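For clarity, every value in this text was computed on a predicted model and none was experimentally measured.
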Amino acid sequence: MRFKSEFLHTLEQRGFIHQCSDDEGLDALARKQEIVAYVGYDCTAPSLHVGHLLSIMMLHWLQETGNKPIALMGGGTTRVGDPSGRDETRKILTIDEIDANKDSIKGTFQRFLKFGSATDDAVMVDNAEWLTSLNYIEMLREIGRHFSINRMLTMDSVRMRLEREQELSFIEFNYMILQSYDYVELARRYGCNLQMGGSDQWGNIVNGIDLGRRMGTQQLYALTCPLLTTASGAKMGKTAAGAVWLNADMLSPWDYWQYWRNTEDADVGRFLKLFTLLPMAEIDKLAALAGSEINEAKKVLATEATALMHGREAADQAQETARRTFEEGVTADSLPTIEVSRADLEIGIGVLSANVQAGFVSSTSEARRQVKGGGLKVNDVVVTDEKMQLTPADLNQDGVIKLSMGKKRHALLKAV
């Protein structure tokens, strides 16, 4: 094995490692349980999404192996906007919006990390603490002088935007400087010596290492995970209805369970390693299943991933709902429910709009395409008329209308 430390051995075995700035140096620190590592999360939405899970799981395994994790909230950097992987400037959010988003996403980390005052307990900090108090002239003198414009222009987040002739604002151009300074501040305040993140952050992280060297910190390290795509090449975490959010109020535990249950066959073993805490021996057995048996492995993946995010009770309920819906053919009352007014139902609710409300699709035009492909059902009957109106006559014996897209996505429409 390449690594001798439990931390890096675990990450390598489970498929988390993409790039590392110094394998031997970081491995030596990990063997002594002296890693203090951070990952930054900007507050651009009220919830993180499944794409953030890789780095959150890296923080989890860091702590499990006796090292200290730092979850950095980007209350300051969100005011600037990370240009990485984007062709357009991010929407500038108000301070109140950023603070509300920050408060909304904090709870996610309680599921994966243990916070407290012990040596290896996680801490959560906000880079607004130091970034918002920076004096611009002092920042240029003390921090900006260490950055080369020539080198900054070669960074992927900048270079790709310029090559595509997409505008890059001056405020975005400063993002990598602020992220680099975050690393220096965390090194000074908490003894942080490792920054982790997605592979698209490699340039920014390496800049932070270089800034730390110039500003007199201890030796700093970089470790990135791959940006995942599914076996079919699709970007992970995107569905027809949008992002796979982690907060239950933005994506129900049922829909979250269904997302993992619908994993492509070729991805099951890899996702079990990355997104569950199951022992490797058990994962190897599940990944070896073939044919129709692979569906049992998918159920395990869905239940274990959902239990991590939403708790065991919610995961078991989602699994039982799926069993009753798909194996017994009943309308399970724990399916996601959309409430509409009785008055609106009397008038008639368009089937396209109803499927948008259910979160199956992001627009009526997408719903229309599903109708043409025979993908939508009402009470288990295929919808053939895109102008169909749902009325009280469609209520079944349970007093609800069952909406379905494909074989695995279902919701109930209830009049109140």
Side-chain heavy-atom pair Phe3, Leu26 within 4.5 angstrom cut-off: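 No. Closest side-chain heavy atoms not under 4.5 Å.
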
Side chains of Leu286 and Glu296 in contact at under 4.5 Å (non-hydrogen atoms):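 Sidechains of Glu296 and Leu286: no contact.
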
For [X], which residues count as a side chain to side chain donor-acceptor pair (under 3.5 Å) partner, sequence neighbours excluded?
X	result
Lys102	Asp126
Asp27	Ser5
Asn207	none

With no hydrogens and no angle check, just 3.5 Å: does a side-chain donor-acceptor pair link [X] and [Y]?
X	Y	result
Thr77	Asp182	no
Gln33	Asn67	no
Gln179	Gln201	yes
Tyr38	Asn127	no

Taking the side chain from [X] and the backbone from [Y], do they hold a donor-acceptor pair closer than 3.5 Å?
X	Y	value
Tyr183	Asn193	yes
Thr306	Ala315	no
Thr78	Gly74	yes
Asn247	Met250	no
Gln258	Pro253	no
Gln63	His60	no
Arg79	Gly75	yes
Thr224	Ser199	no

Verdict with reasoning, Tyr41 to Ser55, per side chain to side chain donor-acceptor pair (under 3.5 Å): CA-CA 10 Å; Tyr41 300 91; Ser55 62; 2.8 Å; yes

Parallel, tilted or perpendicular: ring planes of Trp260 versus Phe271, cut at 30 and 60 degrees: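 Perpendicular, since the angle between the ring planes exceeds 60°.
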
Under-4.0 Å salt bridge between Asp121 and Lys114: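 Lys114 and Asp121: salt-bridged.
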
Electrostatic pair Glu129-Arg189, nearest N-O below 4.0 angstrom: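 Yes, Glu129 and Arg189 are salt-bridged.
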
All pairs passing salt bridge (charged side-chain N to carboxylate O under 4.0 Å, His left out) where residues 268-279 contributes a residue, at least two apart: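 Qualifying pairs, neighbours excluded: Asp267-Arg270.
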
Pairs touching residues 44-55 that satisfy salt bridge (charged side-chain N to carboxylate O under 4.0 Å, His left out), sequence neighbours left out: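 Every candidate salt bridge (charged side-chain N to carboxylate O under 4.0 Å, His left out) pair involving residues 44-55 fails, so no pair, neighbours aside, qualifies.
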
Stepwise side chain to side chain donor-acceptor pair (under 3.5 Å) check, Asp255 with Ser252: CA-CA 5 Å; Asp255 284 323; Ser252 72; 3.3 Å; yes

Which atom of Phe16 lies closest to which atom of Leu274, heavy atoms considered: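 Taking Phe16 first and Leu274 second, the nearest heavy atoms are CZ-O, 3.4 Å.
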
Qualifying residues under side-chain contact (heavy atoms from CB on, under 4.5 Å), relative to Arg312, sequence neighbours excluded: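 Result, side-chain contact (heavy atoms from CB on, under 4.5 Å) vs Arg312: Thr303, Glu304, Ala307, Asp316.
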
Aromatic ring proximity Phe109/Phe115, centre distance under 6.0 Å: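 No, the ring of Phe109 stays outside the 6.0 Å limit from the ring of Phe115, centre to centre.
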
